[in-house]
*Asks:* 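Starting off with a structure, shown below.
Each ligand, and each atom within it, is numbered from 1 in the order the structure gives. What you are looking at is a predicted structure, and each value in this text was computed from that prediction instead of being measured.
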Amino acid sequence: MSAEKIRLEGDRLVVPDHVCIPYIQGDGVGVDITPAMLRVVDAAVSKAYGGGRSIEWLELLAGEKAKERTGEYLPGETIEAIREHVVAIKGPLTTPVGGGIRSLNVALRQILDLYSCVRPVRWYGQGAPIKRPELVDYVIWRENTDDVYIGIEWPAGSPEARKLISFLRDEMGVPEGKLPDDASVGIKPASEKKSKRHIRKALRWALENGRRTATLMHKGNIQKFTEGYFVRWGYEVAAEPEFAGLVITEEELGERYAGDMEKAKADGYKLLLNDRIADNMFQQLLTRTGEYDVIIAMNLNGDYISDAAAGLVGGLGLAPGANIGDGYAVFEATHGTAPKHAGKDEVNPGSLILSAAFMLDYLGWKEAASLIEEGLRRTLADRIGTYDLVREWKKEGIEGKKVSCSGFAKAIVEHM
Ligand code: NAD
């Protein structure tokens, strides 16, 4: 059966049963974790669909491998191929030092306009610092293209900083005490269009995936017109016709159902939308761990909360991720290239394997995605893991069985 490409109809994916999916091996430990991921995905797809569905993998070049073969870190053909195939998966890429592209990951996100960074955080049985890690089941949606990350800033004392400071003081009435001469200055844009497309996508995803709550995380009490407007736009999106009768705000829930979501569900509502101030949220992830579900944030807050949430269940080793735009999506390991471990077949391939499971889920191949998650869960329940997992279990007085990177992939397949 010859494989076909995924197509986009509007921003809806059309996924053929025999599909061609591009992958980028990645630098450093990419050489170890990518083959492990491919093996697990192939086994899951074959077990779930017995030949009724399959993936033909297409390797694309990026990073050091691309530089060696083509002279470029991110060849135009790679970008074009991802655009053509709509969905891809990648290992970690080294950020080239000096000259050219600042970061290949950032470049990929910008070129393909992958405006939401999505990080599911769940516990699979790894060593974790909190008492009840089984309560963690978050999906964090971090905006990728707005906020202080766009890098409009000038160093203290530079002519640009001085010019901007003078303008703000002289023309905009900002007092000198707030903006002294020796300040570095940066700009934090929060744009309506960028915020709304991100929030809309997150709410759609939450509804399609049967989630119960979505929380807008913000610092709108202080940054009223950036973070505060992010929240306001969030509620405006929730009031759009496509969400009518499906998404209910906390305020409406209080007024109409005395805060009882079960009663609202009887009237057809599916998702509760609320908002929380960022600092409080960090505290509550620890004190009210099970209360959060889908978290929707601007860029900087999303960055912080993604890693903090992953930390609750033992760190980035088993944290998947994806960058998603209008249909286009690139799934990736959340850790870097860990160069000192490269080629030694010893690191944990779990982050990339779970990213692949998330990708299968995104394609609607939910049975294969579940098989991978279940295989991983059972492998960890048998206390089989790579060195990092075994090391963390040891801290809890648990003796694990250490396996290699490829050995871990094999164990997951055997435990499916
Ligand atoms: P890193 O994630 O590569 O390593 C940090 C630590 O985590 C290391 O001690 C490493 O031993 C450990 N580690 C990482 N992945 C592991 C795994 N799968 N199993 C077990 N242990 C693991 O971060 P770094 O050292 O800061 O960055 C190295 C390179 O990776 C840099 O060039 C950086 O730019 C790049 N990077 C790329 C991405 C990406 O492609 N998405 C993300 C982060 C960093």
*Asks:* Of all the non-hydrogen atoms in the protein, which one sits nearest to atom 30 (O) of ligand 1, and at what distance?
*Replies:* Thr337 N, 3.0 Å

*Asks:* Please write down residue, atom name and distance for the protein heavy atom closest to atom 21 (N) of ligand 1.
*Replies:* Tyr387 OH, 3.1 Å

*Asks:* Look at atom 25 (O) of ligand 1 and say whether a protein heavy atom is found at less than 4.0 angstrom from it.
*Replies:* no

*Asks:* Is there at least one protein heavy-atom neighbour under 4.0 Å from atom 28 (C) of ligand 1?
*Replies:* yes

*Asks:* Heavy atoms only: which of Ala62, Gly336, Gly91 is nearest to atom 23 (O) of ligand 1?
*Replies:* Gly336

*Asks:* Kindly state if atom 10 (C) of ligand 1 has a protein heavy atom within a strict 4.0 Å cut-off, that is, under 4.0 Å?
*Replies:* yes

*Asks:* Is there a side-chain contact (heavy atoms from CB on, under 4.5 Å) between Lys188 and Glu227? Walk through the geometry before answering.
*Replies:* CA-CA 10 Å; Lys188 175 188 174 90; Glu227 304 256 337; 2.7 Å; yes

*Asks:* Under the criterion side-chain contact (heavy atoms from CB on, under 4.5 Å), I'd like the reasoning laid out for Leu316 against Arg119: C-alpha separation, chi angles, the key distance, then a yes or no.
*Replies:* CA-CA 11 Å; Leu316 293 179; Arg119 297 262 199 97; 4.2 Å; yes

*Asks:* Is there a donor-acceptor contact under 3.5 Å linking the side chains of Tyr115 and Asp146?
*Replies:* no

*Asks:* Can you tell me if Tyr124 and Glu373 form a side-chain donor-acceptor pair at under 3.5 Å?
*Replies:* yes

*Asks:* Can you tell which of Leu389, Val106, Thr95 gets a heavy atom nearest to atom 34 (O) of ligand 1?
*Replies:* Thr95

*Asks:* Is a side-chain donor-acceptor pair under 3.5 Å present for Glu153 with Ser184?
*Replies:* no

*Asks:* Using the side-chain contact (heavy atoms from CB on, under 4.5 Å) definition, which of the options Asp388, Val313, Leu389 pairs with Leu318?
*Replies:* Leu389

*Asks:* Determine whether any protein heavy atom is located less than 4.0 Å from atom 44 (C) of ligand 1.
*Replies:* yes

*Asks:* Name the closest protein heavy atom to atom 35 (C) of ligand 1, giving the residue it belongs to and the distance to 0.1 Å.
*Replies:* Leu93 O, 3.6 Å

*Asks:* Going by a strict under-4.0 Å cutoff (protein heavy atoms only), does atom 19 (N) of ligand 1 have a neighbour on the protein?
*Replies:* yes

*Asks:* We want to know whether Ser406 and Asp345 form a side-chain donor-acceptor pair, criterion being a heavy-atom distance below 3.5 angstrom.
*Replies:* yes

*Asks:* Heavy-atom contacts with Val347 under 4.0 Å: which atoms of ligand 1 show up? List them by number with element.
*Replies:* 17 (C), 18 (N), 19 (N)

*Asks:* Please report whether ligand 1 has a polar contact with Asn348, defined as an N or O pair separated by less than 3.5 Å (distance criterion only).
*Replies:* yes

*Asks:* Between Val118 and Lys201, is any pair of side-chain heavy atoms under 4.5 Å apart?
*Replies:* no

*Asks:* With heavy-atom distances below 4.0 Å as the criterion, list the atoms of ligand 1 near His341.
*Replies:* 11 (O)

*Asks:* Does atom 40 (O) of ligand 1 have any protein heavy atom closer than 4.0 Å?
*Replies:* yes

*Asks:* Any side-chain heavy atom of Ile111 within less than 4.5 Å of one from Ile82?
*Replies:* no

*Asks:* Determine, stepwise, if the pair Asn299 / Arg142 fulfils side-chain contact (heavy atoms from CB on, under 4.5 Å).
*Replies:* CA-CA 5 Å; Asn299 209 335; Arg142 164 188 173 189; 2.9 Å; yes

*Asks:* If you take the nearest heavy atom of each of Glu346, Lys90, His335, which one is closest to atom 42 (C) of ligand 1?
*Replies:* His335

*Asks:* Out of all atoms in ligand 1, which are within 4.0 Å of some heavy atom of Glu332? Include the element for each.
*Replies:* 41 (N)

*Asks:* Among Pro92, Ala338, Ala333, which one has a heavy atom closest to atom 4 (O) of ligand 1?
*Replies:* Ala338

*Asks:* Can you find a heavy atom in the side chain of Arg197 that is under 4.5 Å from one in the side chain of Thr145?
*Replies:* yes

